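Take a look at the structure set out below.
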Amino acid sequence: MSKKRILTGDRASGSLHLGHYVGSIINRLKLQEEYDCYFIIADYHAYTTLYEKPKEVRAASRSIFVDYLAVGLDPQKCTLFVQSMVPEHSELYLLFGMLVTIARAQRIPTLKDKLDDLHLEESLASLGLLGYPVLQAADILVYKADLVPVGDDQLSHLELTREIARRFNYLYGPTFPEPEALLSQVSRLPGLDGQKKMSKSLGNDIALMHSSEEVTERVRSMVTDPTKIRKSDPGHPEICTVHAFHRAFNPEGAEEIAAACRAGRLGCVEDKRNLGAFLNAFLDPIRTRRQELLTQPQRLAELLSYGCGKARRTAALTMAEVREKMQLGDHLFW
RNA sequence: AGGCCCGUAGCUCUAACGGUAGAGCGCCUGUCUCCAAAACAGGAUGUUGGGGGUUCGAAUCCCUCCGGGCCUGCCA
């Protein structure tokens, strides 16, 4: 009962890929054993940029939910839910919006990066995009989460969450914990191009839902060590994308492979063939489980509604308290 | 509510006076590589937001509709 609570999740902007897996999913599989975990599929967040594409967002939400189950997040151990199905998020976001100045929101460093990605001038950013970190604060605090697994790029968002919690507690009385970062060892997987991090929008990803043929094809297109021209040339595994994947998915064999590559005994073609086989061996059980789940729409619907219901009950408790403290709601009116 | 600006390839944009729709990036193919990358060679992509009009001829001018944006106002 005294388990600490965690909130984390994914924007519903695309299917999960191997970068998500090594970056956070694998960590969540452990966290669900020790903590009271809430895993959010953040479709409202997806709408901050994909508001013109509702079907894409819904397809992504569905695909992420099924993948959560397929990789082994267990609805008996953790709470899996979709953000928009818990309307308390939006109500708390609205109220938190009063506690944050425009200047403060504009000072979040990730906003600038996001605008660059979108080729947007700051003057063209939507109010929703500016409010993104405030919505995140609502996501976290509506469950009174104690811990938030974050990469260092998200620390500034968590800092805002803590400020909001502190300010709310000061103004209306102690209500929220100040959530702390749970810094996990960040193993970041590069994309197929070896340059940028793996991302669906860059098209350099291997999705959990890719077929084995697609995986083989994508591995074949990976960038390797450009100085290894001939098979017998000594390679540099530390700068080779294929090897980065070996280290992530085949840690036991990685050293031996590196040695063979350096010695010029291992060619890239063979190396890629081996990696493809490894990845497919890893993905096959996930594929099997996904296929099984997809034949049981009724069960999927039940699991989704179970998770959302559970999340909503928790969120409703917080909102009742927030309304009370902020003198809102009909039972206080007269 | 008024005023102004914009809409062209997946993205960023160029196309004087109305005169064969283009470039860069990205993408695909080939050569080269054990692969991939790089380099080189080649290729594709468009109802120029929709409709109407003027004209021998409209991305360009006019009308209209749709979509987007900026400014001013509406004592919210």
Side-chain angles (χ1 to χ4, degrees), chain A residues 13-15 17-19 46-57 59-60 94-95 97-102 106 111-131 188-207 210-250 253-254 256-281 328:
Chain A
S13 56
S15 301
H17 52 60
L18 293 179
Y47 270 102
T48 58
T49 54
L50 296 175
Y51 54 88
E52 292 169 304
K53 301 176 178 171
K55 285 184 180 157
E56 257 184 47
V57 173
L94 174 83
L95 296 171
M98 316 305 171
L99 307 184
V100 180
T101 64
I102 295 167
Q106 283 172 330
L111 177 66
K112 238 180 100 81
D113 301 341
K114 184 57 91 176
L115 293 174
D116 288 347
D117 290 351
L118 297 170
H119 301 289
L120 273 182
E121 307 286 324
E122 184 157 353
S123 61
L124 295 181
S126 71
L127 191 56
L129 188 63
L130 185 63
R188 189 164 291 161
L189 202 60
L192 302 177
D193 52 18
Q195 296 298 309
K196 303 179 180 143
K197 73 173 182 180
M198 186 177 281
S199 141
K200 163 147 181 158
S201 58
L202 293 173
N204 65 1
D205 66 317
I206 294 178
H210 279 150
S211 69
S212 80
E213 292 76 21
E214 280 172 306
V215 169
T216 305
E217 180 59 24
R218 282 176 183 246
V219 168
R220 203 183 57 74
S221 79
M222 279 181 181
V223 176
T224 60
D225 175 2
T227 67
K228 188 175 164 78
I229 303 300
R230 255 173 285 280
K231 183 176 169 181
S232 56
D233 288 342
H236 303 81
E238 58 281 356
I239 61 161
C240 175
T241 315
V242 177
H243 198 69
F245 280 70
H246 273 301
R247 285 196 300 272
F249 288 94
N250 177 21
E256 198 184 324
I257 290 167
C261 173
R262 284 198 189 89
R265 281 184 281 113
L266 176 67
C268 299
V269 172
E270 189 183 347
D271 196 21
K272 286 180 173 179
R273 195 171 56 236
N274 292 339
L275 178 64
F278 244 100
L279 294 181
N280 278 324
L328 301 166

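Throughout, a chain's letter reflects where its sequence line sits, starting with A, and its residues are numbered from 1. As the structure is a computational prediction, the values presented were derived from the model and not from experiment.
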Checklist line | Under 3.5 Å donor-acceptor, A:S212 side chain and A:N280 backbone | finding: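 Judged by distance alone, no pair lies under 3.5 Å.
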Notebook entry, point to check: Do side-chain atoms of A:D225 reach the backbone of A:P237 as a donor and acceptor pair under 3.5 angstrom?
Noted result: no
Can you run down the salt bridge (Lys or Arg N to Asp or Glu O under 4.0 Å) pairs that involve [range], sequence neighbours left out, and say none if there aren't any?
range: residues 227-245 of chain A; result: A:E238-A:R262
range: residues 266-276 of chain A; result: none
range: residues 214-224 of chain A; result: A:D205-A:R218, A:E217-A:R220

[atom1]-based separation of [M] from [N] [nearest Å]:
N: B:rC5; M: B:rA9; atom1: P; result: 22 Å
N: B:rU45; M: B:rA38; atom1: C1'; result: 25 Å
N: B:rC13; M: B:rU72; atom1: P; result: 25 Å
N: B:rU31; M: B:rG22; atom1: P; result: 29 Å
N: B:rU29; M: B:rC65; atom1: P; result: 47 Å
N: B:rG3; M: B:rG10; atom1: C1'; result: 35 Å
N: B:rC11; M: B:rA16; atom1: C1'; result: 27 Å
N: B:rA37; M: B:rC32; atom1: P; result: 15 Å

Inter-residue atom distance [X].[atom1] - [Y].[atom2], 0.5 Å rounding:
X: A:T48; Y: A:L130; atom1: OG1; atom2: CG; value: 11.0 Å
X: A:K200; Y: A:S15; atom1: NZ; atom2: OG; value: 4.5 Å
X: A:H236; Y: A:H243; atom1: NE2; atom2: NE2; value: 13.0 Å

Margin query: How many whole angstroms separate atom CZ of A:R230 from atom C1' of B:rU33?
Written below: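 One finds 9 Å between C1' of B:rU33 and CZ of A:R230, rounded.
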Item checked: ring pair (Phe, Tyr, Trp, His ring centres under 6.0 Å) partners for A:F249, two or more places apart ->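 Checked A:F249 against ring pair (Phe, Tyr, Trp, His ring centres under 6.0 Å); matches are A:F282.
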Item checked: B/S/- contact track for nucleotides 35-47 of chain B, protein heavy atom under 4.0 Å -> BBB----------
Next item on the list: Can you tell me which stems involve RNA chain B, if a stem is defined as three or more consecutive Watson-Crick or G-U wobble pairs, both distances under 3.5 Å?
Entry: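 Stem list for RNA chain B: B:1-7 with B:66-72, B:10-13 with B:22-25, B:27-31 with B:39-43, B:49-53 with B:61-65.
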